[in-house]
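One structure is given below, encoded as structure tokens.
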There are 2 protein chains.
Amino acid sequence: MRVTIADVARAAAVSKTTVSRVLNAKDEVDVATGARVREVIARLGYVPSSRAVGLARGSSRTIGMLVPTLTWPWIGEVVQGVVDTVEDAGYGILLYTCNRGNESVRHFTSQVSARAFDGILVVEPENTLDTFTALHHRGLPIVLIDDRGHHPEFPSVATTNREGGASAARHLLATGRDRPLVITGPPHFGCVQDRLDGFRSVLPAGLIVKGDFTEECGRRAVEELLATATPFDSVFAHNDLSAAGALRAVRAAGLSVPEDIAVVGFDDIPMALHTEPALTTVRQPMRAMGEAAAGMLLAHLGGTPAPEEPVVLPTELVARGSAP
Amino acid sequence: MRVTIADVARAAAVSKTTVSRVLNAKDEVDVATGARVREVIARLGYVPSSRAVGLARGSSRTIGMLVPTLTWPWIGEVVQGVVDTVEDAGYGILLYTCNRGNESVRHFTSQVSARAFDGILVVEPENTLDTFTALHHRGLPIVLIDDRGHHPEFPSVATTNREGGASAARHLLATGRDRPLVITGPPHFGCVQDRLDGFRSVLPAGLIVKGDFTEECGRRAVEELLATATPFDSVFAHNDLSAAGALRAVRAAGLSVPEDIAVVGFDDIPMALHTEPALTTVRQPMRAMGEAAAGMLLAHLGGTPAPEEPVVLPTELVARGSAP
DNA sequence: CTGAAAGCGCTTACAG
DNA sequence: CTGAAAGCGCTTACAG
């Protein structure tokens, strides 16, 4: 059967207390005793039961992470950053998605109540703010990885969405474009407002079409504008997917990118390299966001107070063929 | 503080045993008593501690999942399938990646010894077969999600790689192509052998270039062949990434796709829709693989014996612009 | 139908 | 430097 601390204690002729001391590197153990215990541990291949340790200590060295879905192109990067950071610290990560909507969120919060983890990382809690506010007030350590960045009551990590929008505008302006079409994301997202504000602070855009982050919306926006012969010389889309749709529609209409119309996206997902031409875009450091968020949560669990201000990571304009 | 079973017992004026019975829906409880206990549970917002339950029961209702990385385009789909299935069953999923190589695998196996989970799901254990064989022999329930499919000693789920290769060949042949270039994946992968065998069983390929699943290898293979003026009328690449590289190189050389050279990939990752022209490819049902694997593991944990034969899911040729 | 008690495998005051 | 004992929050024979 499974090797327990009692087996080790017996084989080393000490008490469980002493084995526990060795395990947890308390320095009050005799050197020779310690060595003997360690030898037995190695020989028996003993590994403490995480459940028992967790129960006794009241914490689990596990964090929970909730994401909307794993199938969006940039989520994997964020989670990878989290997993790497968390592994370094010897923590585990329990993963949940909102794929089933409220059902999933309920499942997740019941795990919170079950104390399955010590703290949580949450990406984009659409319509679930109340839930997380309540958990936060109950004292659950939580860090938001938040595209919307407008919840000052939580520790969070975000990117410079406003500056990212501004950099897109500056880039277009510098290359002689001044009649842009802006295709936004869902308007209730804070990040969408920020990108738009930043862009307009540099380049007042007359043409603004409400989008929803899908390729479809990008394509349709361009098709409709071209159909009405509204003049524009460039597109700034609020994510790469809709930028790709716009780009495709421009070319399908017989116009060329970037000569007739330049296109700039946001995110820099892998696909951005594979459109024709490759997509100029505002890169968000997805993996770094995951690392930063996990680092903040772990620090908090380790006793460091959470930072007052959101951590904001820089975006970067990456110029490629669609807007050189 | 936290509400425990003792609090519930006290408030309902019964023993902890009875509360536990209600919690676990044993039918030996008086109806009125049961109702009263349930009412108290609801009023107090009591949720059992997963750690304590796990310790007492000897199982955790958690499964572990190990993947090579979360940044490959198809991994997210697989994990999403797993997460959905596992959530349905009321299980949690602890996620690990091999990002740090052997270091990560050690981290993972130590969690196994710590009984952090009841069973594991593993994708693509490159060079770690010994590790998992050992765990399997120790009695750990395990299901491989295995592109290589050549480990009959494990329960596993795979796809019809051989038939997938054959379908690519049939498609090319049916559209008048009979001088294909094949760009393989790493040759030690069973899936690569299968795709190659299937392809050649239909269309004996003279030109076979060893690749490594990167875009780079696809591009280089085509560039080198074009440089030596070796004639070929089509490309079958063992994944979409290298197919995209090949496609790009063909067009960069001034040839057209599919007129001069048709291109077929494998996987059907999201990017396949965004190459120019869109990529014809052999789709693997990634999410269904995750669902199937999770289902098998959960069934096993529930007492159903693991199937003798690997579960093999069908691939499907998706014709797009690159090889209509 | 119900409860007291032992046990799951650890940690942690407390005492020596 | 070391150990006996209580406790973490549950489940599960066992007895009634």
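From a predicted model like this one, the values you see are computed outputs, not experimental measurements. All chains are named by letter (A, B, ...) in the order of the sequence lines, taking the proteins before the strands, and each is independently numbered beginning at 1.
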May I ask you to check whether over 12 heavy atoms, not counting those of B/Glu309, lie within 6.0 Å of atom CD?
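No - once you tally the heavy atoms of other residues, nucleotides and ligands closer than 6.0 Å, there are 12 at most.
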Geometric class of the A/His136/A/Phe154 ring pair [parallel <30°, tilted 30-60°, perpendicular >60°]
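Tilted, since the angle between the ring planes falls between 30° and 60°.
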Could you tell me whether the side chain of A/Arg115 and the main chain of B/Ser49 form a donor-acceptor pair under 3.5 Å?
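No: the side chain of A/Arg115 does not pair with the backbone of B/Ser49.
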Short question: side chain of A/Asp7, backbone of A/Thr4 - any donor-acceptor pair under 3.5 Å?
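Judged by distance alone, yes, a pair lies under 3.5 Å.
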Determine, step by step, whether A/Thr85 and A/Glu291 satisfy the side-chain hydrogen bond (donor to acceptor under 3.5 Å, both in side chains) criterion, reporting the C-alpha distance in whole Å, the side-chain angles of both residues, the deciding distance to 0.1 Å, and the verdict.
CA-CA 6 Å; A/Thr85 306; A/Glu291 291 168 351; 5.1 Å; no
Each base of DNA chain C marked ( ) or [ ] if paired in-strand (Watson-Crick or G-U under 3.5 Å), | if paired to another strand and . if unpaired gives |||.||||||||.|||
D/dG3 OP1/OP2 closer than 4.0 Å to side-chain N/O of A/Thr18:
yes
Report yes if the side chains of B/Glu87 and A/Tyr96 come closer than 4.5 Å at any heavy-atom pair, otherwise no.
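When only atoms from C-beta onward are counted, A/Tyr96 and B/Glu87 do not touch, as no gap falls below 4.5 Å.
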Chi angles and distances behind the side-chain hydrogen bond (donor to acceptor under 3.5 Å, both in side chains) call for B/Gln80, A/Thr69
CA-CA 7 Å; B/Gln80 185 71 61; A/Thr69 168; 3.2 Å; yes
Could you check how far CZ of A/Arg10 sits from C1' of D/dG3, rounded to whole Å?
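It is 16 Å, rounded to the nearest whole Å.
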Would you check, one step at a time, whether the test side-chain hydrogen bond (donor to acceptor under 3.5 Å, both in side chains) holds for B/Ser60 with B/Asp118?
CA-CA 6 Å; B/Ser60 51; B/Asp118 303 340; 2.9 Å; yes
Base, backbone or nothing for each nucleotide of nucleotides 7-16 of chain D, written B, S, -, heavy atoms under 4.0 angstrom, 5' to 3'?
BBBBSBB---
